[in-house]
Protein chains: 2
Amino acid sequence: MNFYDFLQREGIKIEKKIGDHVFRQGEIDTSLYFINSGLLKAYYLSEEGKESIKSFLSDKDIIGSLTSAYLGEPCSFGLLCLQPTKLTKISFSALREYSKKDVNIANELIDVLLQFSMKKEKREYEFLCLSAEQRFSLLVESRPNLIEKITQNDLSRYLGVTPVGLSRIKKRVYENMDLTNI
Amino acid sequence: MNFYDFLQREGIKIEKKIGDHVFRQGEIDTSLYFINSGLLKAYYLSEEGKESIKSFLSDKDIIGSLTSAYLGEPCSFGLLCLQPTKLTKISFSALREYSKKDVNIANELIDVLLQFSMKKEKREYEFLCLSAEQRFSLLVESRPNLIEKITQNDLSRYLGVTPVGLSRIKKRVYENMDLTNI
DNA sequence: AACGCGCATTAACCGAGGTTAAAACGTATG
DNA sequence: CATACGTTTTAACCTCGGTTAATGCGCGTT
């Protein structure tokens, strides 16, 4: 059996509208979600009400709260739809049960986790080593399609600056682009 | 077979002195390293010579460059011993071969990757949502033993500030502690 | 058309942390 | 003991981004 078969057999199809939550920060949700289509944001909300965006998710991404699914703790972040979204919901514990019996599923899960780990390492690198301006420029180059789809407010909260800060960064970056293009 | 058996059977024991590199940024190294004892830092070096510390590793940690081991690219960071260190070197591809044949090894690898993923998510959260001062205070509470063992220079490069910046943060934090303790 | 609402920009002010350089400490080595 | 080297602190100055608030812009609703 492969991961696709597992999704077909054990998954539950879900449709969500713009503004709907898949789960909220603080809830227990031990599922993983495979995204068939749509766009979502995973975000933290601080006690003071400050929002920070962990990631944007779209087609073929897999998302879920590991601390909730694996450790049984409340979700440390919430998951909200920015576009109409079709998901397949799967039970994390069912996936783990299958992996314990089926070496193919286990190895596909290993691949998923390796991809995920590398994605998180890349983001760690960007926060540790790059300035907000460099993170913005990198995102413009690497995911121009994403930037078209989200507001500057959300983009800034993903980059770790305020909307006002991002507006200034954009201005600086595009001014410098003009100079180098002369 | 379990992971410990795999280490015994396929691992190579290595000893390193203070200042030795396990691997350098830019090299190809497709191994994983299990740390039996010692202390190391994984660090990035920018083109301008700025060092940023990705993580500190000690007993029972597992470290290796995923981009090198999994994708075959050069290591994006280097690994250096801060204390005399005993390692067990294992081949990542051998581990993957074993996982494909042995469902127990595969599931232990899944657990390792889940732990690793949660660790990286925690660090992402700290950079995204917390100030340098908050990151410092959190580290003082959660890993006081680590702070004793490393220099302030290295600590600052782990927190994403300069040594000068960390000195100021410390001063602020300890002044506030005194006030609250009266 | 008029209104409201959220988003983006701009300006003024502020604070955290970077940069540079000097001084104060440690501590190892001759 | 004296020197030298790395670490930590301190000070002066500067830059970047946060904060607040005002303004403008687009867009949907009535």
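Only this structure's heavy atoms are used, side chains among them; waters, hydrogens and symmetry mates stay out.
Less than 4.0 Å separates DNA chain D from at least one heavy atom of each of the following residues of residues 129-137 of chain A: A/A132, A/E133. For the segment residues 77-85 of chain B, no residue has any heavy atom less than 4.0 angstrom from an atom of DNA chain C. DNA chain D lies under 4.0 Å from at least one heavy atom of each of the following residues of residues 141-171 of chain A: A/G160, A/V161, A/T162, A/V164, A/G165, A/R168, A/I169.
Around the OH atom of A/Y125, the shell of radius 6.0 Å holds no more than 12 heavy atoms that belong to other residues, nucleotides or ligands.
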Legend entry - salt bridge (charged side-chain N to carboxylate O under 4.0 Å, His left out) assessment of A/E126 paired with A/K122: CA-CA 6 Å; A/E126 290 171 4; A/K122 182 154 174 276; 3.5 Å; yes
Inset, instruction - Apply side chain to side chain contact (heavy atoms under 4.5 Å, CB included) to the pair B/K86 and B/K13, showing each step before the final yes or no. - result: CA-CA 7 Å; B/K86 294 182 183 179; B/K13 295 247 155 81; over 6 Å; no
Inset, instruction - Using the side chain to side chain contact (heavy atoms under 4.5 Å, CB included) rule, take A/Y70 and B/Q115 through it: C-alpha gap first, then chi angles, then the decisive distance, then the call. - result: CA-CA 9 Å; A/Y70 188 54; B/Q115 296 288 346; 3.7 Å; yes
Legend entry - Worked check of side chain to side chain contact (heavy atoms under 4.5 Å, CB included) between A/L57 and A/L79: CA-CA 9 Å; A/L57 294 308; A/L79 185 59; 4.1 Å; yes
Inset, instruction - Apply side chain to side chain contact (heavy atoms under 4.5 Å, CB included) to A/E27 and A/H21, showing your working. - result: CA-CA 11 Å; A/E27 293 176 0; A/H21 273 87; over 6 Å; no
Legend entry - Protein proximity profile, nucleotides 22-30 of chain C - base contact B, sugar-phosphate-only contact S, no contact -, cut-off 4.0 Å on heavy atoms: ---------
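The aromatic ring centroids of A/F23 and A/F77 lie less than 6.0 Å from each other.
Between B/L139 and B/Y158 the shortest side-chain heavy-atom distance falls below 4.5 Å. A/T67 places a side-chain heavy atom less than 4.5 Å from the side chain of B/M118. Counting heavy atoms from C-beta on, the side chains of A/F56 and A/L82 come closer than 4.5 Å.
Proximity of a side-chain donor or acceptor of A/S68 to a complementary backbone N or O of A/D29 within less than 3.5 Å is detected.
At least one cation-pi condition fails for A/R123 and B/F127: the charged atom is not both under 6.0 angstrom from the six-membered ring centre and inside a 45 degree cone around its axis.
With 3.5 Å as the limit, one finds a donor-acceptor pair spanning the side chains of B/Q8 and B/Y4. Side-chain contact of A/S131 with A/E133: a donor-acceptor pair under 3.5 Å is absent, judged by distance alone.
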Inset, instruction - Give the dot-bracket string for DNA chain D, reading 5' to 3', where a pair is Watson-Crick or G-U wobble with both distances under 3.5 Å, ( ) marks pairs inside the strand, [ ] marks pairs crossing earlier ones, | marks a partner on another strand, and . marks unpaired. - result: ||||||||||||||||||||||||||||||
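Once you apply a 4.0 Å limit to the heavy atoms of chain B, the touched nucleotides of DNA chain D run 5' to 3' over D/dT7 to D/dA12.
The salt bridge (charged side-chain N to carboxylate O under 4.0 Å, His left out) test with B/D154 singles out one residue from B/K41, B/K54, B/K149, and that residue is B/K41.
Interatomic distance, CD of B/Q25 versus OG of B/S46, reported as 8.5 Å (0.5 Å rounding). How far CD1 of B/I105 is from CG of B/N2: 6.5 Å, rounded to the nearest 0.5 Å.
If you measure from atom CZ of A/R172 to atom C1' of C/dT9, you get 15 Å, rounded to the nearest angstrom.
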